[in-house]
Amino acid sequence: QVQLVESGGGLVQAGGSLRLSCAASGRTIRGYSMGWFRQGPGKEREFVASIYWSNTQTNYADSVKGRFTISRDDAKNTVYLQMNSLKLEDTAVYYCGFQTMGWGGKSPSEYTYWGQGTQVTVSS
């Protein structure tokens with residue numbers, strides 16, 4: 001079993017920045033791909049970013065490309081999402097996903113374990 005705990009969310013003005021963290025326990029993240037997803041009110045969970053198990057490649061949703069950066073620190077068993085130039089439409093609950101097999105896919109169904117999420121609210 002893998003437990004994931006997201007943190008770092010909060011209320012921020014448009015144009016501001018936040019850094020989300022996802023701390024894993026129960027299993028090392030080394031050798032596994034990880035992803036960030038988000039779910040806004042009344043919306044389905046959508047892909048934000050992923051990072052390969054080998055830390056050699058990252059993927060981003062078009063809506064966040066150039067503004068968000070995913071990274072990982074296997075020694076700390078933690079994945080990060082640096083979010084800059086935040087927009088109103090970035091408001092959502094952000095979830096971290098652990099992929100037991102794969103290359104950091106964009107579908108939530110490809111991820112086995114999830115955290116409880118952290119709320120990000122962007123205000124004008």
Side-chain angles (χ1 to χ4, degrees):
Q1 285 289 336
V2 176
Q3 292 78 43
L4 302 173
V5 178
E6 301 95 336
S7 62
L11 176 64
V12 63
Q13 285 192 324
S17 299
L18 283 175
R19 188 195 194 202
L20 305 184
S21 298
C22 171
S25 61
R27 187 187 293 185
T28 177
I29 67 170
R30 192 184 305 274
Y32 297 96
S33 298
M34 303 289 292
W36 283 98
F37 289 73
R38 66 188 182 187
Q39 189 165 11
K43 297 182 179 180
E44 295 185 351
R45 190 168 298 190
E46 65 174 3
F47 171 77
V48 175
S50 64
I51 186 165
Y52 283 12
W53 60 268
S54 61
N55 203 20
T56 58
Q57 187 166 340
T58 55
N59 293 312
Y60 295 94
D62 288 343
S63 59
V64 307
K65 203 169 292 184
R67 300 187 297 121
F68 290 10
T69 303
I70 188 172
S71 61
R72 62 191 296 158
D73 186 337
D74 289 352
K76 294 183 177 180
N77 229 28
T78 300
V79 178
Y80 304 97
L81 184 69
Q82 178 66 43
M83 306 187 296
N84 299 329
S85 301
L86 283 162
K87 303 177 180 180
L88 296 179
E89 52 263 41
D90 294 320
T91 294
V93 178
Y94 284 71
Y95 297 91
C96 173
F98 182 106
Q99 193 177 43
T100 54
M101 185 179 298
W103 295 87
K106 299 181 179 181
S107 171
S109 63
E110 298 181 54
Y111 293 77
T112 305
Y113 300 103
W114 295 93
Q116 83 291 346
T118 185
Q119 176 71 48
V120 172
T121 303
V122 184
S123 64
S124 58

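Quick caveat, the model's predicted, so the values are computed rather than measured. If you read the sequence from its start, that first residue is 1, and numbering goes on from there.
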What donor-acceptor contacts under 3.5 angstrom involve side-chain atoms of residues 113-124, with partners at least two apart or in another chain?
{"unit_1": "Gln116", "atom_1": "NE2", "unit_2": "Glu6", "atom_2": "O", "d": "3.4"}
{"unit_1": "Thr118", "atom_1": "OG1", "unit_2": "Gly9", "atom_2": "N", "d": "3.2"}
{"unit_1": "Gln119", "atom_1": "NE2", "unit_2": "Ala92", "atom_2": "O", "d": "3.4"}
{"unit_1": "Gln119", "atom_1": "NE2", "unit_2": "Thr121", "atom_2": "OG1", "d": "3.3"}

Determine, using the 4.5 Å side-chain heavy-atom cutoff (strictly less than), whether [X] and [Y] are members of one ILVMFWY cluster.
| X | Y | answer |
| --- | --- | --- |
| Leu18 | Val64 | yes |
| Leu11 | Leu88 | no |
| Val48 | Ile70 | yes |

Cut-off 3.5 Å, no hydrogens considered: what does the side-chain donor-acceptor table look like for residues 19-30, sequence neighbours left out?
{"unit_1": "Ser25", "atom_1": "OG", "unit_2": "Gln3", "atom_2": "OE1", "d": "3.4"}
{"unit_1": "Thr28", "atom_1": "OG1", "unit_2": "Arg30", "atom_2": "N", "d": "3.0"}

Holding to side chain to side chain donor-acceptor pair (under 3.5 Å), I want the full list of residues that pass it with [X], two or more places apart in sequence or in another chain.
| X | result |
| --- | --- |
| Lys65 | Asp62 |
| Ser107 | Ser109 |
| Thr69 | none |
| Asn84 | Ser17, Gln82 |

ring-ring contact (aromatic ring centres under 6.0 Å, His included) partners of Phe47, counting only residues at least two apart: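 By the ring-ring contact (aromatic ring centres under 6.0 Å, His included) rule, Phe47 matches Phe37.
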
Residues which pass ring-ring contact (aromatic ring centres under 6.0 Å, His included) with Tyr60, listed by chain and number, not counting sequence neighbours: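 If we apply the ring-ring contact (aromatic ring centres under 6.0 Å, His included) test to Tyr60, skipping adjacent residues, there are no hits.
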
Sub-4.5 Å side-chain heavy-atom contact between Tyr52 and Asn59: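 In contact.
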
Note, Phe68 side chain near Leu86 side chain (heavy atom, < 4.5 Å):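 Touching, per the 4.5 Å side-chain cut-off.
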
Worked check of side chain to side chain contact (heavy atoms under 4.5 Å, CB included) between Met83 and Val12: CA-CA 11 Å; Met83 306 187 296; Val12 63; over 6 Å; no

Shortest non-hydrogen contact between Arg72 and Trp53, atoms and distance: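 Scanning both residues completely, I find the closest heavy atoms to be NH1-CA, 3.6 Å.
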
Residue pair Ser50 / Gly104: nearest heavy atoms and the distance that separates them: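 Here Ser50 and Gly104 meet closest at OG-O, 2.7 Å.
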
Value rounded to 0.5 Å, distance of CG in Leu81 from CE in Met34: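 Going from the CG atom of Leu81 to the CE atom of Met34 covers 12.0 Å.
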
Spacing of CG belonging to Leu4 relative to OH belonging to Tyr111, to within rounding of 0.5 Å: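 If we round to the nearest 0.5 Å, Leu4:CG and Tyr111:OH are 12.0 Å apart.
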
Summary of ring-ring contact (aromatic ring centres under 6.0 Å, His included) pairs that have at least one residue in residues 6-36, sequence neighbours excluded: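 The answer is Tyr32-Phe98.
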
Residues clustered with Met101, ILVMFWY side-chain links under 4.5 angstrom: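 Result for Met101 is none, singleton.
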
Test item: Ser33 side-chain N/O and Gln99 main-chain N/O as donor-acceptor pair under 3.5 Å: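 No, Ser33 side chain to Gln99 backbone: no donor-acceptor pair under 3.5 Å.
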
Salt bridge (charged side-chain N to carboxylate O under 4.0 Å, His left out): pairs with one or both residues in residues 86-107, sequence neighbours excluded: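 Of all non-adjacent pairs touching residues 86-107, those that pass salt bridge (charged side-chain N to carboxylate O under 4.0 Å, His left out) are Arg38-Asp90, Arg67-Asp90.
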
